[in-house]
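Notes for the one structure printed next.
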Number of protein chains: 2
Amino acid sequence: MSGHESAVARLRSEGYRMTPQRLSVLDIVANRPGHIGADEVWNLAKEQHPYVDLATIYRTLQLLKRLGVVTEVVIGNKLHFELADHQTRHNHMVCSECYSVQTLSPAYLAEFSQRLQGEFGFTPDLDNITIGGVCSICHPPG
Amino acid sequence: MSGHESAVARLRSEGYRMTPQRLSVLDIVANRPGHIGADEVWNLAKEQHPYVDLATIYRTLQLLKRLGVVTEVVIGNKLHFELADHQTRHNHMVCSECYSVQTLSPAYLAEFSQRLQGEFGFTPDLDNITIGGVCSICHPPG
DNA sequence: ACCGTTGTTGCATGGATTTGCGATAAACAA
DNA sequence: TTGTTTATCGCAAATCCATGCAACAACGGT
């Protein structure tokens, strides 16, 4: 339904097996506009596979993250995930006081990333960087 | 002994109480060159205060982090801490494969930070940003 | 359609960190 | 010093996420 067919092919081509549990997680994340917590993925997944275990959800999300299919957003002490759409790539700025989330064009990090790559040979995992801080409402200037 | 006297004054002036447990944590982090894990802080703290609880260690470290006295480094799935010395400020690049840690001058993030501040009013918590990625050894070019 | 290989799952458990709560002890005034 | 206030602590329980293992099932070959 929602553009994750390529992700399925991706899994298969890398030697991973396509299980109903994985398909379900993929569907759920793909159909959710914005990010979603692991527990919420679990609740939705149980509607179709009542026996599915939370550990499977976590393992699947980590797998999809490693493959670049989903990206991770750190909100407070919880992890959220969203489909990695190369058309609408973005980073997240999370306020540590009100936990509001703003999105950010990856262009802001491009130069920084290239310098780390060029000067240190370090390849930052840009897609999964969450920038913590304080938003303008919680910490107004002056 | 090691320059954390100002931190003690800092706590007092903000209305926090100075307890032996907090002093101990402060001493331990201040005397450790480089970062140290919460569990290791606990083990060392127990030598002087056998009844100190791990929860107190965590609460103290989070408090010191909020006050800017220590900075946090995310290594794998564990948190490490180190004294925030304004003379030797630095960020950390952590390899997600071998967990090696490289330090980075905050100058690399300065321009980025200023843009977020200026364009979004978002004040990133630069001191506590850990940059995840893959180091040059684990992921050589070519 | 069946079989065998081996990646995956569910379950149970463990690790790291946080939180609620009653008891304790810093801080400060008298 | 003593008393009062209330931040902090120790303890226990909870939360979030990761992992070991035996049973299971996806997939390619027959």
Side-chain angles (χ1 to χ4, degrees), chain A residues 8-26 29 35-43 45-46 48-67 69-70 72-81 94 96-97 99 128 130 132, chain B residues 8-26 29 35-43 45-46 48-67 69-70 72-81 94 96-97 99 128 130 132:
Chain A
V8 176
R10 188 61 198 303
L11 279 174
R12 301 299 319 286
S13 75
E14 302 248 354
Y16 294 102
R17 294 179 183 170
M18 187 45 58
T19 67
Q21 293 93 331
R22 286 181 176 166
L23 259 181
S24 185
V25 169
L26 206 40
V29 177
H35 43 77
I36 180 173
D39 54 342
E40 211 174 345
V41 173
W42 188 37
N43 287 329
K46 278 190 290 190
Q48 310 198 15
H49 304 280
Y51 47 86
V52 71
D53 195 88
L54 181 56
T56 299
I57 305 296
Y58 279 113
R59 277 188 285 232
T60 302
L61 289 170
Q62 286 305 321
L63 171 63
L64 296 177
K65 176 188 165 191
R66 278 205 311 282
L67 294 177
V69 173
V70 305
E72 183 183 271
V73 190
V74 182
I75 302 180
N77 294 314
K78 291 180 59 177
L79 300 181
H80 282 59
F81 298 87
V94 178
S96 59
E97 295 192 10
Y99 296 116
N128 294 298
T130 302
Chain B
V8 176
R10 192 52 201 305
L11 279 173
R12 301 298 321 285
S13 75
E14 302 248 353
Y16 295 102
R17 295 181 181 169
M18 187 45 59
T19 66
Q21 293 93 331
R22 286 182 175 165
L23 260 181
S24 184
V25 169
L26 206 40
V29 176
H35 43 77
I36 179 173
D39 54 342
E40 211 174 344
V41 173
W42 188 36
N43 287 328
K46 278 190 291 190
Q48 310 198 14
H49 304 279
Y51 295 114
V52 71
D53 194 87
L54 182 55
T56 298
I57 305 296
Y58 277 111
R59 277 189 283 233
T60 301
L61 288 170
Q62 287 304 324
L63 171 63
L64 295 177
K65 175 188 165 193
R66 278 204 312 281
L67 294 177
V69 173
V70 305
E72 182 183 272
V73 190
V74 182
I75 303 180
N77 294 314
K78 291 180 60 176
L79 301 180
H80 282 60
F81 298 86
V94 178
S96 58
E97 296 191 10
Y99 296 116
N128 294 298
T130 301

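- Regarding Tyr51(B), its OH atom lies at a distance of 17 Å from the C1' atom of dA25(C), rounded to whole Å.
- In this structure, Leu26(A) CG and Met18(A) CE are separated by 6.5 Å, a value rounded to the nearest 0.5 Å.
- In this model, a side-chain donor or acceptor of Arg59(A) finds a partner on the base of dG10(C) within 3.5 Å.
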Please write out each protein N/O paired with an N/O of nucleotides 13-16 of chain D under 3.5 Å, distance rounded to 0.1 Å.
none

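- Of all the residues in residues 18-26 of chain A, Met18(A), Pro20(A) reach under 4.0 Å from DNA chain D with at least one non-hydrogen atom.
- Atom P of nucleotide dA16(C) and atom CD1 of Ile75(B) are separated by 13 Å, given to the nearest angstrom.
- Checking dT17(C), dT6(D), dC9(D) against every side-chain atom of Thr56(B), the shortest atom distance belongs to dC9(D).
- In this structure, CD in Gln62(A) is found 7.0 Å from CG in Leu79(A), a value given to the nearest 0.5 Å.
- What separates CG of Leu61(A) from C1' of dT8(C) is a distance of 15 Å, to the nearest Å.
- Here Leu64(A) contributes atom CG and Tyr16(A) contributes atom OH; the two are 10.0 Å apart, rounded to the nearest 0.5 Å.
- Nearest to the side-chain atoms of Tyr16(A) among the listed nucleotides dT8(C), dG10(C), dT19(D) stands dT8(C).
- Within the model, atoms CG of Leu63(A) and CZ of Arg22(A) stand 5.0 Å from one another, a figure rounded to the nearest 0.5 Å.
- A donor-acceptor pair is defined here as one N or O able to donate and one able to accept, closer than 3.5 Å; such a pair exists between the side chain of Arg10(A) and the backbone of Leu67(A).
- The nearest whole Å value for the distance from the CG atom in Asp53(A) to the P atom in dG20(D) is 16 Å.
- Of the candidate nucleotides dG10(C), dT8(D), dA25(D), dG10(C) has the atom nearest to the side chain of Val52(A).
- Residue Gln62(B) places no side-chain N or O under 4.0 Å from the OP1 or OP2 atom of dT17(C).
- Atom-to-atom, CD1 of Ile57(B) to P of dG10(D) comes out at 8 Å; the value is rounded to the nearest Å.
- For the pair Arg66(B) CZ and dT18(C) P, the computed distance is 11 Å after rounding to whole Å.
- In this structure, the separation between NZ on Lys78(B) and NE2 on His35(B) is 11.5 Å, given to the nearest 0.5 Å.
- Distance alone, capped at 3.5 Å, places no donor-acceptor pair between the Ser24(A) side chain and the Pro20(A) backbone.
- Two residues, Leu63(A) and Ala55(A), neighbour DNA chain C, and the one matched to the more 5' nucleotide by heavy-atom proximity is Leu63(A).
- When the shell of 6.0 Å around OH of Tyr51(A) is examined, it contains more than 12 heavy atoms from other residues, nucleotides or ligands.
- Here dC24(D) presents its P atom at 19 Å from NE2 of His49(A), a figure rounded to the nearest Å.
- Side-chain N/O atoms of Arg12(B) include one lying less than 4.0 angstrom from OP1 or OP2 on dA27(C).
- The CH2 atom of Trp42(A) lies 10.5 Å from the OG1 atom of Thr56(A); values are rounded to the nearest 0.5 Å.
- The nearest whole Å value for the distance from the CZ atom in Arg17(B) to the C1' atom in dA7(D) is 4 Å.
- A pairwise comparison of heavy atoms in Ala38(B) and Tyr58(B) identifies CB-CE2, 3.6 Å as the closest pair.
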